[in-house]
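Below: one structure, written as structure tokens.
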Amino acid sequence: MANFAWKSFKGIPLVFTLIWIVAFSAALYLMDKSVIAFLGILSSIVLVYYTNTSKSIKMTIGAIVLLLIIPLVAGENRYYMEVASQVGIYVAMALGLNIVVGFAGLLDLGYVAFFAAGAYAYAIFSTSQANEFIAGNLFPLSGEWFWPFLIVGLIVAAVFGILLGLPVLRVKGDYLAIVTLGFGEIIRIVFNNLDKPINITNGPQGITPIPSPELFGIKMGTPFYFYFIVLFVIAFIVLANIRFEHSRLGRAWIAVREDELAAQSMGISLLNTKLAAFALGASFAGVVGVIFAAKQTFIDPTSFTLMESIGILVMVILGGSGSIPGVVLGAAFVTILQVQLLKEFSNFLHGLQNSGIISLPNQLDPSKFQRLIFGIMLILVALYRPNGLIPAKRKKNDLDAIKKSEFGKEKLGILGRLSQLTSGKQS
Amino acid sequence: MLAPFPRENKSSQRNECRKFVQVYKGNEGWESMINILPQVLVDGLTLGFMYAVVALGYTMVYGILEIINFAHGDIFMVGAFIGTEVLLISDALGALEGMNPFVALFITLIIAMVLTGALGVGIERIAYRPLRGAPRLVPLISAIGVSFLLQDLVRFTEALARNEFYLNSPALFTGSIPLGSIATIPTKGLIVIVIAIVMMIALTLFVNKTKWGIAMRAVAQDQSTASLMTINVNKVIMLTFLIGSSLGGATGVLFAQNYGTIDPYIGFILGLKAFTAAVLGGIGNLRGAMIGGVLLGLLESLSGAFMGPLTNGAFGAEYKDVFAFSILILVLLFKPEGLFGEAVKEKV
């Protein structure tokens with residue numbers, strides 16, 4: 001019965017979505033600090049995705065919400081823009097990992113290493129850190145250099161991806177997961193200890209102050225600007241994802257994911273395809289790393305632990321690996337859960353505790369539940385929704401439509417020749 | 001723009017480097033290295049036998065189900081906590097006083113083994129059995145989930161019960177045995193080695209001689225044929241998890257005894273290294289796992305002690321984990337069947 005109801009579901013009516021957006025933006029505008037209103041606006045993107053209208057209208061509404069409503073309504077509130085740009089950073093990372101895990105089926109547990117490579121590339125050269133190993137007092141670079149460094153970060157991470165990929169891709173499946181995990185740990189340990197014999201990463205002390213980006217002399221240090229930078233990068237990555245998915249390479253990835261041997265025997269070069277996936281996924285992580293470094297103005301190896309890699313993996317798998325809207329949803333959900341919902345919940349509990357309604361030991365602070373929640377989510381997703389919340393859709397050809405089309409009427413091959421023969425006899 | 005933090009004086013750094021070089025280039029450097037060698041070897045063996053027993057758990061599960069039981073390291077950690085809790089509680093009750101330390105250790109080991117064995121079976125039931133036949137990455141994901149879940153569950157229970165999650169285990173054995181004039185072996189290290197060897201021999205005998213052991217080997221060969229031969233495959237898999245997990249839990253107790261302090265995160269990295277050991281020896285191969293574990297422990301201990309002096313202090317003991325993971329990567333790349341495994345032809 002429920003199945004039937006789901007099948008007859010054609011999408012949310014457009015009116016409902018519009019009312020939702022207007023109501024929550026008004027609520028956020030008037031009540032300023034309401035978390036629910038802010039979440040309502042963010043979730044309106046999901047509503048837009050499921051709305052029952054044409055694609056172009058959906059895109060327009062989505063763009064209006066992201067580019068106008070959120071900055072206008074929440075722009076003055078630093079905190080909300082911070083959350084929104086944080087969500088954006090993870091969405092971009094998850095989309096990068098989606099290429100590796102979702103399309104090519106390579107389980108990468110060291111993804112955060114590429115993120116670290118990008119972040120360190122910008123951090124080292126934009127602070128005086130680079131003077132430690134490059135002669136001449138050339139550094140720090142100014143914030144204007146942020147823009148070229150987006151490209152540098154991309155290239156550095158892609159090179160890392162290829163360097164790792166070349167040897168590692170000889171192993172596959174769960175072995176690959178273990179090897180990439182080991183690689184991620186190696187990178188973290190190396191970054192943590194590369195303050196001697198030559199001080200390159202400044203070791204566990206980390207690097208600071210990383211300059212904010214500048215454009216035509218305007219310093220873009222607030223989350224408000226980062227929101228737009230991240231949005232721009234996401235648009236780029238989404239576009240790349242879509243283009244790649246339907247390209248020759250993307251089809252090769254999916255073939256490799258489904259069956260390596262079959263793909264290989266159809267003439268797909270395993271090494272090239274896998275390496276391309278690795279390098280592309282890594283390069284996106286590198287770009288995001290540069291943005292992350294500029295946004296935090298401080299980085300140290302604790303930002304690049306295994307936990308982060310797993311977190312991004314959870315986002316991809318929870319949302320639906322290989323499905324772009326799914327990954328966006330998964331990343332947004334997990335990030336908001338981490339940075340906002342858990343915090344709000346523990347504040348709420350603290351409030352209850354202070355007013356003496358309940359007594360809760362300090363150790364049960366929900367904001368420390370991260371691993372527990374990741375663990376439960378991973379198990380539940382593996383058991384009940386192995387394809388994620390929004391599973392990837394394959395384009396299906398409507399066979400009946402093809403048969404009825406004018407091309408379908410003409411019989412091809414032997415059948416065509418036979419029918420020609422028979423028709424010739426008849427006449 | 002001026003950097004707000006003044007850079008360190010380079011010449012002083014260089015001087016320190018030079019001092020370092022002098023110390024280790026001098027004869028007394030080599031002498032001191034040779035002097036600590038026996039100690040380093042004993043430490044390495046202790047660590048290695050622990051890796052070996054934990055690696056057995058990985059290898060058994062992999063041999064039968066072909067999945068990496070990521071949660072095995074955390075079962076080891078749970079074992080360490082159960083053992084420590086048993087000792088702490090019985091200490092608080094005054095039961096430890098006057099008790100023979102061997103008896104106390106034996107009882108603790110039994111309790112920890114029973115509980116972690118049950119835990120392993122439960123995990124198999126909930127997180128792996130429904131996924132049999134699913135694509136191979138799916139059970140791996142749920143295994144990572146179980147591992148994270150266990151870490152936080154232990155952390156919360158400990159934080160609630162004891163207000164902190166770093167525990168200090170009461171030491172049952174404090175003495176040490178002198179080995180000539182150059183080294184002393186701590187009794188606890190020796191006990192770890194002896195118990196580990198006993199467990200490994202018992203497991204080998206079990207797998208090779210008993211009916212259930214033969215059933216396990218049959219299931220590892222071919223599940224469907226084994227089930228046609230009236231072997232209850234589910235029961236055998238349960239038994240595998242039971243034995244592997246209880247061995248892991250027992251090693252946890254030994255770990256807590258040997259190193260004193262434990263926390264909920266010890267399991268993950270140790271599990272990873274034990275897995276490395278299993279891969280090194282050839283995964284699915286019991287003898288290989290044992291030898292791989294001992295080798296890895298020795299290598300790690302040696303590199304931790306001597307890497308600093310040998311590279312003039314440029315790369316110190318902090319790189320020993322890099323060493324372990326590099327071995328993992330190199331073995332998987334060049335000899336994926338491990339040192340003692342047989343190369344498997346891919347089935348189509």
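None of the values given here were measured: they were computed from a predicted structure. Residue numbers start from 1 in every chain, and the chains themselves are labelled A, B, ... in the order their sequence lines are given, proteins ahead of strands.
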**OP:** Please report the closest heavy-atom contact between A:A382 and B:L131, naming both atoms and the distance.
**Re:**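 Reported closest heavy-atom pair: O-CD2, 3.3 Å.
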
Original post:
What closest approach, in Å, do B:D152 and A:L372 show between heavy atoms, and which atom pair accounts for it?
Top reply: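 Heavy atoms only, the tightest pair is OD2-N, 2.9 Å.
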
Can you tell me which portion of [X] sits under 4.5 Å from chain B's heavy atoms? Options are side chain, backbone, both or neither.
| X | result |
| --- | --- |
| A:L109 | side chain |
| A:I376 | both |
| A:L194 | both |
| A:A262 | neither |

So how far is it from [X] [atom1] to [Y] [atom2], rounded to the nearest 0.5 Å?
| X | Y | atom1 | atom2 | answer |
| --- | --- | --- | --- | --- |
| A:L318 | B:I141 | CG | CD1 | 11.0 Å |
| B:L328 | A:Y175 | CG | OH | 9.5 Å |
| A:I186 | B:I329 | CD1 | CD1 | 4.0 Å |

Side chain proximity check, [X] to [Y], heavy atoms < 4.5 angstrom:
| X | Y | answer |
| --- | --- | --- |
| B:Y265 | A:R371 | yes |
| B:F70 | A:L181 | yes |
| A:L306 | B:F268 | yes |
| B:V146 | A:L378 | no |

**OP:** Against chain A, work out which of B:V322, B:I269, B:T276 has the most heavy-atom pairs shorter than 4.5 Å and name it.
**Re:**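 So the answer, after comparing B:V322, B:I269, B:T276, is B:V322.
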
Side chain, backbone, both or neither: which part of [X] has an atom under 4.5 Å from a heavy atom of chain A?
| X | answer |
| --- | --- |
| B:S326 | both |
| B:Y62 | side chain |
| B:I68 | both |
| B:F275 | side chain |
| B:L150 | neither |
| B:I144 | both |

Original post:
Based on non-hydrogen pairs under 4.5 Å, which of A:I310, A:L107, A:V314 is most in contact with chain B?
Top reply: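 Top count of heavy-atom pairs under 4.5 Å with chain B: A:I310.
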
Original post:
Is the CZ atom of B:R125 crowded by more than 12 outside heavy atoms at less than 6.0 Å?
Top reply: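 Count not over threshold, so no.
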
